[in-house]
Visitor: 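To start, I am sharing the structure in question, which I have written as structure tokens.
From a predicted model like this one, the values you see are computed outputs, not experimental measurements. In listed order, ligands and their atoms are each counted from 1. The basis for the numbers below is simple: all heavy atoms, side chains too, and nothing from hydrogens, waters or symmetry mates.
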Amino acid sequence: MLVTGGSRGIGAATAQLAAENGYDVCFSYRSRKQDAKAVCRAIEAAGQRALAVQADFSSAADIATLWNKAVSTFGTINVLVNNVGVLEQQKHLVDYDVIRLRRIFNVNVVGTIISCREAVRHMSTRDGGAGGVIVNLSSVAARLGASGEYVDYAASKAAVDVLTKGLAGEVAEQGIRVNAVRPGSIYTDIHADGGEPARVDRVKNGIPMKRGGQPEEIAAAILWLASDASSYVTGSILDVTGGL
Ligand code: NAP
């Protein structure tokens with residue numbers, strides 16, 4: 001399995017659960033090398049092989065290098081989890097600038113599409129690959145819009161939803177399933193990037209289950225979509241939101 005952004009949060013939980021389910025795991029990180037080393041140790045403690053690769057998802061060259069290293073180490077990649085995603089300080093749209101928008105769309109949309117492209121080139125049975133599964137990380141923001149917080153991020157995640165549907169149709173006959181998970185409010189560091197580390201606790205009473213989610217609860221949904229238990233599921237977007 002190749003997990004992008006596996007050094008912490010949902011990606012780290014996915015890498016660890018994947019190892020517990022018998023996958024060797026390659027994952028990328030942007031800058032937190034020590035966190036990446038800790039995830040490697042957790043994968044190895046579960047008895048699986050681990051490879052951490054530094055890659056910035058605003059760089060198509062870094063994404064291609066990540067794939068080259070993953071394939072040269074593990075041979076075949078059966079599952080890609082496109083988990084890297086970024087947001088910026090909470091702001092109204094009227095105050096956005098182009099630099100902010102380019103940063104978000106470069107990583108969340110362009111980076112995710114390039115990562116899917118590398119996966120299809122590797123997995124497609126039409127080109128001699130073994131087939132496989134792609135799981136993209138969307139967000140409940142794609143449905144709700146994130147008004148007053150990060151409409152740009154929400155729009156980028158809506159693009160991930162449509163990408164998932166469109167690509168699933170393109171590669172369904174090439175042995176590749178493509179699905180997405182839409183997390184609700186999950187306890188990770190991403191909310192600090194938006195300027196509100198305690199955001200999940202602020203919004204939790206608006207969630208039908210009256211609590212935020214844990215990264216492990218998203219990882220469990222990702223592992224189900226990666227597995228043969230979901231063998232007839234493609235082009236689907238699974239809400240894991242506590243009812244939101
Ligand atoms: P997170 O805690 O902020 O972790 C982000 C991960 O991505 C880290 O491994 C980080 O590496 C890496 N990363 C960040 N920017 C990168 C870049 N430009 N290039 C390459 N790697 C980069 O995120 P998370 O909360 O686990 O979110 C994971 C995914 O779920 C994202 O797509 C997010 O949009 C989505 N999501 C999250 C929530 C939530 O409430 N947490 C809700 C809905 C959707 P370093 O550790 O090296 O910095």
Side-chain angles (χ1 to χ4, degrees), residues 2-17 25-40 52-63 65-66 80-88 90 100 102-112 114-115 135-146 149-150 152-161 163-164 180-204 207 211-219 221-222 237-242 244:
L2 173 50
V3 181
T4 72
S7 43
R8 55 199 166 93
I10 292 167
T14 302
Q16 180 151 356
L17 189 62
V25 184
C26 173
F27 67 93
S28 70
Y29 64 97
R30 179 183 45 181
S31 54
R32 299 198 190 188
K33 199 171 186 174
Q34 292 311 317
D35 289 349
K37 281 184 178 165
V39 174
C40 282
V53 179
Q54 196 280 329
D56 188 329
F57 261 54
S58 56
S59 159
D62 274 19
I63 297 169
T65 302
L66 167 66
L80 166 65
V81 180
N82 262 326
N83 169 73
V84 166
V86 294
L87 46 71
E88 302 244 340
Q90 295 173 355
R100 167 187 170 119
R102 289 211 171 112
R103 270 203 299 261
I104 291 172
F105 280 80
N106 261 343
V107 172
N108 295 5
V109 182
V110 179
T112 300
I114 296 293
S115 183
V135 182
N136 293 324
L137 268 292
S138 174
S139 168
V140 71
R143 262 201 297 108
L144 302 181
E149 293 189 312
Y150 14 70
D152 45 4
Y153 167 80
S156 76
K157 291 298 186 175
V160 170
D161 285 0
L163 159 70
T164 300
V181 171
R182 270 201 206 116
S185 292
I186 312 302
Y187 289 99
T188 73
D189 295 343
I190 202 170
H191 307 287
D193 296 339
E196 191 184 3
R199 181 181 178 277
V200 179
D201 285 331
R202 173 175 61 82
V203 302
K204 69 181 178 189
I207 299 167
R211 68 170 179 87
Q214 295 299 333
E216 292 74 17
E217 295 177 291
I218 305 303
I222 293 169
I237 300 161
L238 178 57
D239 286 308
V240 187
T241 59
L244 206 59

Visitor: Taking ring-ring contact (aromatic ring centres under 6.0 Å, His included) as the test, write out the residues that go with Tyr153, two or more places apart.
Guide: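 With sequence neighbours excluded, Tyr153 shows a ring-ring contact (aromatic ring centres under 6.0 Å, His included) to Tyr150, given in chain and number order.
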Visitor: If you define the side chain from C-beta out and look only at heavy atoms, does anything of Asn108 sit under 4.5 Å from Val86?
Guide: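 Asn108 reaches Val86 side chain to side chain.
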Visitor: If you measure from the Lys or Arg side-chain nitrogens to the Asp or Glu carboxylate oxygens, is any gap between Asp239 and Arg182 under 4.0 Å?
Guide: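 Between Arg182 and Asp239 there is a salt bridge, with a charged N closer than 4.0 Å to a carboxylate O.
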Visitor: So if I only count non-hydrogen atoms and take anything under 4.0 Å from ligand 1, which residues does that give, chain by chain?
Guide: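 Lining ligand 1: Gly5, Gly6, Ser7, Arg8, Gly9, Ile10, Tyr29, Arg30, Ser31, Arg32, Ala55, Asp56, Phe57, Asn83, Val84, Gly85, Val86, Val107, Leu137, Ser138, Ser139, Tyr153, Lys157, Pro183, Gly184, Ser185, Ile186, Thr188, Asp189, Ile190, His191.
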Visitor: Side-chain contact, heavy-atom cut-off 4.5 Å: Ile222 with Ile10?
Guide: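 Side chain of Ile222 against side chain of Ile10, heavy atoms only: contact under 4.5 Å found.
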Visitor: Report yes if some heavy atom in the side chain of Thr14 is under 4.5 Å from a heavy atom in the side chain of Ile218; otherwise report no.
Guide: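 Of all side-chain heavy-atom pairs linking Ile218 with Thr14, none is under 4.5 Å.
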Visitor: Could you tell me if the side chain of Pro183 sits less than 4.5 Å from the side chain of Val240, heavy atoms only?
Guide: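 Not touching, per the 4.5 Å side-chain cut-off.
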